[in-house]
Protein chains: 2
Amino acid sequence: MYRQRPGPLYQQIADELRAQITDGTLPPGAQLPTEMELAERFEVTRQTARQGLAQLIQQGLVVSRRPQGHFVRQWQHMLYRPQAEFMPQPHAPEMDSFMRAMTSEGREPTQKIDVAIVTPPPEVAERLHTPDGEMVVVRRRLRSLAGQPFHLNDSYFPRSIVGGSEIMSPADIGRGANTVLAELGHEQVRALDEIYVRMPTPDEVHRLSLEQGTPVALHIVTGFDSEDLPVRVVLNVLPSDRHVIVFERTRSNSEAE
Amino acid sequence: MYRQRPGPLYQQIADELRAQITDGTLPPGAQLPTEMELAERFEVTRQTARQGLAQLIQQGLVVSRRPQGHFVRQWQHMLYRPQAEFMPQPHAPEMDSFMRAMTSEGREPTQKIDVAIVTPPPEVAERLHTPDGEMVVVRRRLRSLAGQPFHLNDSYFPRSIVGGSEIMSPADIGRGANTVLAELGHEQVRALDEIYVRMPTPDEVHRLSLEQGTPVALHIVTGFDSEDLPVRVVLNVLPSDRHVIVFERTRSNSEAE
DNA sequence: GAGTGGTCTAGACCACGTA
DNA sequence: ACGTGGTCTAGACCACTCG
């Protein structure tokens, strides 16, 4: 028995199915053949057929729903605008920018807030210049849309600045945490945005109900006050199947080199 | 209710190894036990051990190098600044912004350029408002650092604007394609940045030499001239193990809501 | 109860780099 | 030549949802 050139059998299975997905033969939401059907059609065992499907799942093209079968994945991208989440709000809103933006699009946003005093994770301690062993305040928010988890938004503040303030209450801050920071004498005048991309942790998979093959963007915002001290670090975890990050540039806000 | 939930065997293997990776017992670059060693330690078959390792590979924590073994993955993030890639350059450089930025950091940047006239992919046609069936000019660049592929940068232009110009030559445009566009009467005054995150296509895996478990960011820039016509669409494919996207905001360039 | 995918075993042979 | 991971077979039993 000689082996054919085109590579592993499971690869041929994956390639054929992927071709059908990308050319529209199998449109989003369509059901794929069952594992047994694939095994018979390609004359392999079920395990080998599964390996081909696994590759498509890993590539985010297919989801498995037990016991219905495998389906072509569908996507729905909501706009995520870092520039809208910034600085004290000029007009007093009842909700924060997330809630306002979503409500204005006819969605049903909810969020679960929890506040804690914790040892900051290293990526936060670096950016806040937190001394070793010192703890910080974190406001953790799980934002949902129509009952489905949407993204995570964890804001970290130095205890020395926000201790005892409204920020430590686990309730909506209608006028925005940034406004409160400004009232506390630390208005933010500059922010640094960093976007990392990676696969989610098991904890993130669970909290955000992520399908297999869904990477996340980690959007880290560091806010600085007028004395250039970091007063706020936000870790946003954005599932890739629900977000597109958007921002605009004009000549005036483009960096001079 | 003392029923323990140890879960699948491969999951326990993955969990134990992941714990050792995240707590530093297995630092970046360290070699993991071989598949046979894992199979013996957990008293399972090699296939089951492989399934545990596969999960870690999918999560981007581990790479497999045949026939050496499995290793904890290491990352190296270079800064990627969308704001630096914009508008005509104020001072005439010999290289484009990528080459300049990298050289200034002591790297050895190279790029392979190829120019073609093609039917635009749908995401480009939408943004350039290309009529059905009309073709566009694309400058495709594979940028490398120290001989290793780094990212893809494909710039699309309407034929009506750049036809016959310097942009159609597959050579470096020292003063930048944006400067050439400006000379052709289409200076860009505004740009829209969109960032999608997804798993790479097989073609991208090949062209960028991506390891398994490496998602990519797709950074799409649409440039508009003073009459608000789209004159340029750039598709950047940024491997997550080599890029962090960075931009800065000050009060003046933050959106008013 | 039927049928789906999920897990697991006990083998086998192959491809490939290093010693 | 050896040991690694990569592929594949031919079974088995389980968990879950739907009709």
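Below, all heavy atoms of this structure are taken into account, side chains as well, without hydrogens, waters or symmetry copies. So you know, we letter chains A, B, ... as the sequences are listed, proteins then strands, and number each from 1.
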**Message:** Please verify the inter-ring angle class for B:Y196 with A:H77; under 30° counts as parallel, over 60° as perpendicular, anything in between as tilted.
**Reply:** perpendicular

**Request:** For B:T25, enumerate each residue passing the side chain to side chain contact (heavy atoms under 4.5 Å, CB included) test, keeping only those at least two apart in sequence or located in another chain.
**Result:** B:Q20, B:D23

**Asked** Nearest-Å distance, CZ (B:F71) to C1' (C:dG17)?
**Response** 12 Å

**Prompt:** Which nucleotide, C:dC8, D:dG6, C:dG6, lies nearest any side-chain atom of B:R66?
**Reply:** D:dG6

**Request:** Could you identify which residues of residues 28-45 of chain B place a heavy atom less than 4.0 Å from some atom of DNA chain D, listed by residue number, or say none?
**Result:** B:T34, B:E35

**Message:** Please confirm whether the shortest side-chain N or O distance from B:T48 to OP1 or OP2 of C:dT7 is below 4.0 Å.
**Reply:** no

**Request:** Name the closest nucleotide to the A:P67 side chain, picking from D:dT4, C:dT9, C:dT4.
**Result:** C:dT4

**Spacing of A:H70 atom NE2 and A:L61 atom CG [to the nearest 0.5 Å]** = 12.5 Å

**Request:** Give a yes or no on whether a donor-acceptor pair under 3.5 Å exists between the nucleobase atoms of D:dG6, that is its base, and the side chain of B:R46.
**Result:** yes

**Prompt:** Would you say A:Q68 reaches D:dC18's phosphate, i.e. side-chain N/O to OP1/OP2 under 4.0 Å?
**Reply:** yes

**Request:** Just call it for A:Q47: base, sugar-phosphate, or nothing, with non-hydrogen atoms closer than 4.0 Å on any strand.
**Result:** base

**Integer-rounded Å distance: C:dC16 C1' and B:H70 NE2** = 15 Å

**Asked** Contact class for B:L9 (heavy atom, under 4.0 Å): base, sugar-phosphate, or nothing?
**Response** sugar-phosphate

**Separation of C:dG6 P from B:Y10 OH (nearest whole Å)** = 9 Å

**Asked** In whole Å, what is the span from the CD atom of A:Q51 to the P atom of D:dG6?
**Response** 10 Å

**Message:** For B:Q47 and A:Q47, which I'm curious about, is there any donor-acceptor pair between the side chains at under 3.5 Å?
**Reply:** no

**Request:** Answer yes or no on whether A:R65 is positioned over the face of A:F71, meaning its NZ or CZ is under 6.0 Å from the six-membered ring centre and within 45° of the axis.
**Result:** yes

**Prompt:** Which of these, A:T214, A:L56, A:I21, sits in a side-chain contact (heavy atoms from CB on, under 4.5 Å) with A:R73?
**Reply:** A:T214

**Item:** Spacing of B:Q12 atom CD relative to C:dC8 atom P, expressed in whole Å
**Value:** 8 Å

**Prompt:** For residues B:H151 and B:Y80, is any side-chain donor paired with an opposing acceptor at under 3.5 Å?
**Reply:** no

**Request:** State which of D:dG6, C:dT9, C:dG6 makes the closest approach to the side chain of B:R50.
**Result:** D:dG6

**Item:** Euclidean distance, atom CG of residue A:L53 to atom C1' of C:dT7 [Å, nearest integer]
**Value:** 16 Å

